[in-house]
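Only one structure is covered here, and it is reproduced in the block below.
Just so we're clear, the structure is a prediction, and the values are computed from it rather than from any experiment. Just so it is clear: chains get the letters A, B, ... in the order the sequence lines come, proteins before strands, and each one is counted from 1.
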2 protein chains.
Amino acid sequence: MAKKQNKGTDLSSEEKIIAAARKVFTKKGYAATRTRDIAEEAGMNLALLNYYYRSKEKLFQLVMTEKMQQLFGVIVPIVTNNEIKLETKIEQLADKYIDMLSANPDLPLFVLSEIKQNPEQFKKKMQLEKLIRNSSLIQQLKEKRPDIDPIHFLINILGMLVFPFIARPIIFGVDMENQDRFHAFIQQRKKLIPAWVKAMLARK
Amino acid sequence: MAKKQNKGTDLSSEEKIIAAARKVFTKKGYAATRTRDIAEEAGMNLALLNYYYRSKEKLFQLVMTEKMQQLFGVIVPIVTNNEIKLETKIEQLADKYIDMLSANPDLPLFVLSEIKQNPEQFKKKMQLEKLIRNSSLIQQLKEKRPDIDPIHFLINILGMLVFPFIARPIIFGVDMENQDRFHAFIQQRKKLIPAWVKAMLARK
DNA sequence: GTCTATAAGGGGATAGAC
DNA sequence: GTCTATCCCCTTATAGAC
């Protein structure tokens with residue numbers, strides 16, 4: 001722990017570093033990030049980084065674990081909740097996930113890219129695969145449409161939620177002017193996605 | 001051009017290098033790729049890489065341009081085709097895009113990640129944004145559902161096509177055993193996606 | 001055209017003063 | 001706890017022999 005424990009709004013050096021690491025790692029990815037970038041972003045010296053976190057790799061693992069929990073933490077409780085019906089799950093997913101992604105637009109591409117580089121490592125961390133396959137949502141989808149693999153619908157739902165954030169630079173560009181437009185666009189999807197999913201699930 | 005122009009199935013050194021570069025860059029991304037990796041993958045010396053392509057950056061630009069054309073080259077002719085009706089466009093998109101992505105599963109995450117790192121640079125290369133916004137597909141979507149921004153549907157279609165390839169390690173893992181299962185799963189979507197899009201577009 | 005050897009610089013990590 | 005200076009490996013790129 002740091003000696004200077006700031007009581008006010010300021011962060012300790014330790015906290016400044018990890019905050020900077022979150023920012024730089026999620027923006028540039030592990031390989032393109034230099035520890036010097038993180039130190040500069042934190043407004044402090046490079047040596048402090050190693051003093052507090054030992055190595056770039058260690059610091060990255062901390063951030064990565066956090067970010068995976070952030071990305072999946074919203075989904076799991078909703079998807080596995082036995083108490084609520086299918087329609088409500090979809091509505092909650094759309095609402096909560098879009099809010100989270102709006103606040104962390106770089107998150108999906110970052111996590112998915114890093115997992116791709118190191119799939120084994122992260123698959124063991126969270127046995128997400130089985131968790132999802134045995135979830136209440138999957139059961140409900142299977143009941144509704146026993147003729148179609150429920151994973152299709154899960155992918156569609158997540159894809160509709162996540163893909164706009166991944167494809168944003170292509171569809172919307174990155175100009176400042178477009179930022180408000182993008183935000184409004186994304187907000188519309190909170191209502192639209194549940195309706196589309198309902199339509200997809202209905203038998204023709 | 002190389003002096004040794006192989007007439008048979010063998011590739012010239014120049015071609016071996018760019019083939020290796022395609023493979024390594026798409027797999028690991030620009031920052032994590034070392035020119036040594038490419039040279040080794042090509043089965044040749046590091047110096048040859050610079051002899052033929054001057055620098056890592058130059059070689060990357062070649063690959064990146066190719067890969068962007070590969071990723072968008074399938075979409076644009078279909079989306080902008082004035083001759084065919086909406087339903088046919090969706091069917092063709094699903095069919096062609098899934099085939100292309102099955103053959104190049106790393107392509108979307110690679111291109112989207114690299115564009116994110118350097119958005120300006122690549123936006124200028126192809127004025128994709130305007131091309132899409134003025135496309136026949138967008139017009140048809142607008143006619144069908146004037147009450148909803150057609151970009152929503154475009155994103156949904158592309159998301160349903162692309163997202164499985166991006167999220168694959170999370171949903172399916174990377175085990176060899178799952179490879180066939182994933183392939184079969186993806187093939188199903190050629191039929192399913194057009195049906196889902198139709199359902200989404202119908203008025204309730 | 002292809003190789004070996006090496007230059008030149010970048011980047012992660014640490015020693016040691018304060 | 002924090003800083004400056006420095007170490008040292010790794011990586012890109014080139015020089016020069018063949």
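With Phe182(A) as the aromatic partner, Arg168(A) meets the cation-pi criteria of under 6.0 angstrom to the ring centre and within 45 degrees of the ring axis.
For Ile17(B) and dG1(C), the CD1 to C1' distance is 10 Å, given to the nearest whole Å. Across the protein-nucleic acid pair, Tyr53(A) atom OH and dT2(D) atom P stand 12 Å apart, rounded to whole Å.
Met100(B) approaches Leu107(B) most closely through the heavy-atom pair SD-CD2, 3.6 Å. In this structure, Glu129(A) and Asn178(B) approach most closely via the heavy-atom pair OE2-ND2, 4.2 Å.
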Problem set entry | Test log, rule side chain to side chain donor-acceptor pair (under 3.5 Å), inputs Asn104(B) and Gln70(B) | CA-CA 9 Å; Asn104(B) 305 276; Gln70(B) 208 174 351; 3.1 Å; yes

Problem set entry | Sequence-aligned protein contact record of nucleotides 3-14 of chain C, with B where the base is within under 4.0 Å of a protein heavy atom and S where only the sugar-phosphate is | BB------BBBB

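Evaluation of the ring pair (Phe, Tyr, Trp, His ring centres under 6.0 Å) rule for Phe185(B) yields His152(A), Phe172(B) as partners, not counting sequence neighbours.
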